[in-house]
Each structure stands twice: as structure tokens, then as C-alpha cells.
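To start, the structure itself, in C-alpha cells.
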Amino acid sequence: MVQADSHSQFLLRRLHTLAGVVPVGLFLLEHLFTNSMATNGAAAFNSAAATIESIPFLHFIEFFFIFVPLIYHGVYGLYVAFTSGYNSGQFPWWRNVMFILQRLTGIITFVFIIFHLWTTRFSGKAPTFEMVHQLVSNPAYFWFMLIGTVAATFHFSNGIWSFCVHWGITVGQRAQRVMSYVTMILFIVLAGVGVDALIAFTHTAS
Amino acid sequence: MTEVATQQGRSTTEQVLENGQQKFVHLRIQRQDGPDAQAYMQEFAVPYTPGMNVISCLMEIRTNPVDKNGRPVTPVVWEMNCLEEVCGICTMVINGKPRQACTSLVDKLEQPIDIKPMRTFPVIRDLMVDRGRMFDALKRVKAWIPIDGTYNLGPGPRMPEKDRQWAYELSRCFTCGACVEACPNVNDRTSFIGPFALSQARLFNEHPTGMMNRADRLDALMGEGGIHECGNAQNCVEVCPKGIPLTTSIAAMNRQVTYHAMGAWLKK
């Protein structure tokens, strides 16, 4: 056994959980909020998108507060998913299943985000209601978005649960149990908000 | 097949008859002839006696080492010592769950009883494993209280009764290895020391004298294979035969390590 003198793995792991909640998680909430504007019609969404476009130093903020933490969380997360063992067949308990779902939804979200960015942010088209409407009019793309939205919101909500354990916030069994109810309600709400916006984009702009 | 020994050749006084028929306990045991040998399954049928546990089944096989079909086999190798679930040495995977063979009562188990060694540890032979890595982990986290010296240090500080009560629960850990076996993050791709070691670090950090070496244990938990390798699958707490609140210990140590790490960094 190697003598415990290097704390780098510990720091990388803690940064991973922190990055998932603070910049990436907060961005997810903001993104779901903006998308929900679509439920108020094309004009409302376009106005919200224009507001974001008007943020000063937008590219700087986008790069350092979204892309850098997102890539770090995603790539390190794949390493975590790869080094984990999977034994829910032998031990089919609730938290063990959630442990696997967390890794599975992480991988789904990783693939989803790459495709999602490629077809929207890096597509060269302006981020308008019409652009998204064109995309989700394809049923395959719509279902892909739906799976991705549900996976991302699950990963975020359940991730808050493990964040609270990793940082020593929820210590006792009761606190952890209450937190798992809270985060599952959060998942249902966020997934609902995301899917609702997705459906709103399928209606033609009128 | 002239050498075939028969089950019926045994003394009738030991046998339990049910409608004049001897009842048998059916076992499926994973065998392995040596550390690098190939594992294989073998089936056994041992005469049933009331109140049998898995140990007494294995002893029956040792008395009459024949498989289900009466063919002579090498007796199954296993370890045992206390026979009252306090030494931990007879831990094996029984019907899919890591537990002690001594407290695994035949009457409460589904048959055929499936018995395997704990594969997280190197198998020496059959059901006998080398749990040395657990001792190494305890050494890593300094799970002891250093009081040796050249003169009498006198009595140490007292421990509040309230804390002693929960600390006692943690002290019931007997390094059986069930939590290490059930943990998905203890595998070939990680160097995780295992749930029990984190709980033991908490026990000795709570002790008023042990607290004096608190920082050393927290530094160890932040080291390679430390607390950050835990993925919160929480199988450990489910399989612990002593009902030790391992997940609470892990979260409590996460809190200590968080404060320690931030404090150490800000003080530099």
C-alpha cells in the first residue's frame, strides 16, 4: 500500500461533486427556466434568449463558468463511472440502484449534451424558438431530447443527495432519508418543467 | 465406481428421521484448490440435525468428505474460531450475501445453500480468504490510540456518556469483511480501503485521548484510496452483521475531512 501523502485524488473528487452542483447545476436550473419561457409562446422565449445574449462578457462567462466545469465534471465523471463496480444483481437495495442510475444517467447526459450542443449552440444558427421548433419537429430528435432531459434532471437531483453526503451536510440516517425524498420530488418537478418546455417547442410559433 | 461411499453408512443415532427417511441439507459450495487455481462448484448432501448452522454442515463434510453423488472429494477448507459472531473469520457469501457461517442457521436458509468465498479478498483455498488488506487499512487510518511511553501518563480525559453510547456501537466492528465484499467501489480498478476503516477512524477520533491524533487520521482519509472513493451505494450498512451505522460514520467523517481540508488550506 502506498503511504497516504498525496491528497490530489481527494481534491479532484471533491471538485467533481462541487462542479456538478455549483456552476453546472445552477446553469441547468437557469437553462430550464429560460426554456420554460416557450410555454408563454415564441415571443416570450425569443425575448428571454435575447436577454441572455445581451449579458456582457458572455463568451468569457460561458467558457469559464459553463464549459470548463462541465467538461471537467463530465470527463472525470466518466472515469468515476468506469472505476465503479456494479452489483445490484446481488444487492438490489434502493441506494445501490440509485448508485447505478446516477452513473447511467451521467453517461446518457454526457452523450446527450454533446449532441445537443452540436445541434444548437455550435450549429451556427441563431438561438430562436423557430430553430428549436425545427429540431423537435423530428420525432426521433424529440424523444432523444426527452430522454436527455429526464436523465439530466435525475442526475442533478440525485447528485444533490450525494453532494450532501460527500460534503458532510446530511450525516444521520434520517437526514439522508429525508434528503432522498426531497431530491426525488425535485427530480419530478424539474423533469416536468423540462418536458413541458419541450412539448411547448413542438407547437408552431403563431 | 466401486469406491463410492454411501450416505446411508452413517450412524443412525445422529440421524433425524422423517417418516422413516433421513433428511438431508443440500449445499452448493464453490471450491478452489489453491490461490491461483480455477474455481468450481461442488454439491453436497449432508444429514440434517436440528439447529444446524453452515459451520456444522461443513463439519459434516469434513467427517465424511463425499459429494452429493457419494464420490470422495477433498474436505472443504474454511476458517472458524469463536462460533458466536464476534471474531468474523468465518465470513463467506451465503445465498448471495456476505455473512458469518456460524450464525447462518440452516432452518432459516433457502436450499440448496449456495456458499462462496468473499471474492473481494484473495482466496487461499475454498472458503478461506486473506483479509490482510483490512489490517493494512486500519494501519493506514491509524485506528489505535498511541499511549506507549517511558513513564506513566496518568488517567486520560473522560468521555461523555452520550458519546460513549454511540461510539460503543462502532467499536463492535470485528473486521469480518462483509462491508468490503458488498461495496461496489472496492474492486480491481480502485484502491478504496473500505467502509469499516472510515468508521474506525471515526471511533478513534471521538475518543478523548484518540482525538489528540485526529489530524493524522483525517490526512490518511484524504490519501490514496481514502474517503473520496466512497460512492454512497450504502450496501455496507445493509450487510453489516453488527448493524453498525457505517453510512452515518462515512458522512460524519466526510464532514470532519471537509473542515480539516479547508482549515489546513486556509491556515497555510
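Proteins come first, then strands; the chains are lettered A, B, ... in the order of their sequence lines, and each starts at number 1.
Note that the CG atom of N96(A) and the CG atom of N232(B) stand 11.5 Å from one another [nearest 0.5 Å]. To the nearest 0.5 Å, atom CZ of residue F192(B) and atom OG1 of residue T83(A) are 12.0 Å apart.
In this structure, the portion of W93(A) lying under 4.5 Å from any heavy atom of chain B is its side chain and not its backbone. For T17(A), no part sits under 4.5 Å from any heavy atom of chain B, backbone or side chain. Residue I227(B) touches chain A through its side chain alone, counting heavy-atom pairs closer than 4.5 Å. In this structure, chain A has no heavy atom under 4.5 Å from any part of Q256(B). In this structure, chain B has a heavy atom under 4.5 Å from the side chain of W161(A), while its backbone stays farther away. Looking at I169(A), only its backbone comes within 4.5 Å of chain B, counting heavy atoms on both sides. No part of V141(B) comes within reach of chain A, as not one of its non-hydrogen atoms sits under 4.5 angstrom from that chain. The part of Q176(A) that comes within reach of chain B is its side chain, from C-beta onward, which places non-hydrogen atoms under 4.5 angstrom from that chain. Only the side chain of V93(B) has a heavy atom closer than 4.5 Å to any heavy atom of chain A.
Within 6.0 Å of CZ in F144(A) there are more than 12 heavy atoms belonging to other residues, nucleotides or ligands. The number of heavy atoms from other shown groups lying within 6.0 Å of OH (Y40(B)) is above 12. More than 12 non-hydrogen atoms from other residues, nucleotides or ligands lie less than 6.0 angstrom from CD of E161(B). By the 6.0 Å contact criterion, CD on Q165(B) is enclosed, its count of non-hydrogen atoms from other residues, nucleotides or ligands being greater than 12. More than 12 heavy atoms of other shown residues, nucleotides or ligands fall within 6.0 angstrom of atom CH2 in W144(B). Within a 6.0 Å radius of OH in Y168(B), other residues, nucleotides and ligands contribute 12 heavy atoms or fewer. More than 12 non-hydrogen atoms from other residues, nucleotides or ligands lie less than 6.0 angstrom from CG of L266(B). Atom CZ of F67(A) is surrounded by more than 12 heavy atoms from other residues, nucleotides or ligands within 6.0 Å.
Judged by distance alone, the side chains of T247(B) and R95(A) never bring a donor and an acceptor atom under 3.5 Å apart.
The shortest distance between side-chain heavy atoms of C183(B) and F91(A) does not fall below 4.5 Å. Contact annotation: the side chain of H228(B) approaches that of Q9(A) to within less than 4.5 Å [non-hydrogen atoms, C-beta and beyond]. Annotation: side chain of T258(B) is not in contact with side chain of H166(A) (no heavy-atom distance under 4.5 Å).
Residue N235(B) comes nearest to N87(A) through the heavy atom pair ND2-OD1, 3.2 Å, listed as atom of the first residue, atom of the second, then distance. Here the closest heavy-atom approach between residue V165(A) and residue A251(B) is recorded as CG1-CB, 4.1 Å. Of all non-hydrogen atoms in N254(B) and G168(A), the two that sit nearest each other are CB-N, 3.9 Å.
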- Please walk me through it: do L221(B) and F10(A) pass side-chain contact (heavy atoms from CB on, under 4.5 Å)? CA-CA 9 Å; L221(B) 290 194; F10(A) 171 80; over 6 Å; no
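Under the 3.5 Å distance criterion, the side-chain polar atoms of R189(B) are matched with a main-chain donor or acceptor of F82(A).
Contact count versus chain A (heavy atoms, under 4.5 Å) is highest, among G225(B), G226(B), A182(B), for A182(B). Here P184(B) is the residue among P184(B), C230(B), G231(B) with the most heavy-atom pairs under 4.5 Å with chain A.
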